[in-house]
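Worksheet for the structure shown next.
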Amino acid sequence: MGWLTHELERAPCTVEISHKFESLHAHVRFDNGTTVYPGDSVRVHGPEIMAPYGEVIREAREATITRASGLERLWTRLTGDFEVMELCEFSFSEEVTL
């Protein structure tokens with residue numbers, strides 16, 4: 001990994017899509033144990049997966065991982081906390097309203 005260059009890595013993966021009342025999620029698990037680090041991006045190849053309501057679908061796919069450069073990885077670590085804070089909503093009122 002260079003300070004300004006990207007590396008590509010291909011990995012087999014399992015995609016799980018759940019469209020149930022109890023759980024609505026999409027997960028990608030790398031079958032070869034590959035780890036994704038801050039700043040990396042993942043692209044799963046293949047057609048779109050649509051799970052009908054009440055079902056969970058699992059499919060074997062291949063993914064391309066674009067490894068972040070050293071500079072991008074450092075920037076992601078330095079600014080990541082600020083981006084997470086954008087997702088938080090704070091309220092200091094005594095009343096709770098929905």
Interatomic distance, [X] atom [atom1] to [Y] atom [atom2] [nearest 0.5 angstrom]:
| X | Y | atom1 | atom2 | result |
| --- | --- | --- | --- | --- |
| Ser41 | Ile65 | OG | CD1 | 9.0 Å |
| Asp40 | Glu7 | CG | CD | 10.0 Å |
| Tyr37 | Arg77 | OH | CZ | 9.5 Å |
| Leu71 | Thr5 | CG | OG1 | 11.0 Å |
| Glu59 | Ile57 | CD | CD1 | 6.5 Å |
| Glu9 | Thr34 | CD | OG1 | 4.5 Å |

Shared hydrophobic cluster for Val42 and Ile49 (ILVMFWY, side-chain gaps under 4.5 Å): yes
CZ/Arg10: more than 12 non-hydrogen atoms of other groups inside 6.0 Å: yes
No-hydrogen, no-angle side-chain donor-acceptor test under 3.5 Å, Asp31 and Thr14: yes
Side chains of Pro12 and Glu62 in contact at under 4.5 Å (non-hydrogen atoms): no
Within-4.5 Å side-chain heavy-atom neighbours: Arg58 and Val56: yes
Expected output: side-chain [X] to main-chain [Y] donor-acceptor under 3.5 Å:
| X | Y | value |
| --- | --- | --- |
| Arg61 | Pro47 | yes |
| Asn32 | Ala11 | no |
| Thr76 | Pro38 | no |
| Arg43 | Thr64 | no |

Closest heavy-atom pair and its distance - Ser23, Ser18: O-OG, 2.9 Å
Qualifying residues under side chain to side chain contact (heavy atoms under 4.5 Å, CB included), relative to Glu55, sequence neighbours excluded: Pro52
Sole residue of His27, His25, Arg29 in side chain to side chain donor-acceptor pair (under 3.5 Å) with Glu16: His25
Test ring-ring contact (aromatic ring centres under 6.0 Å, His included) applied to His19 - qualifying residues, sequence neighbours left out: Tyr53
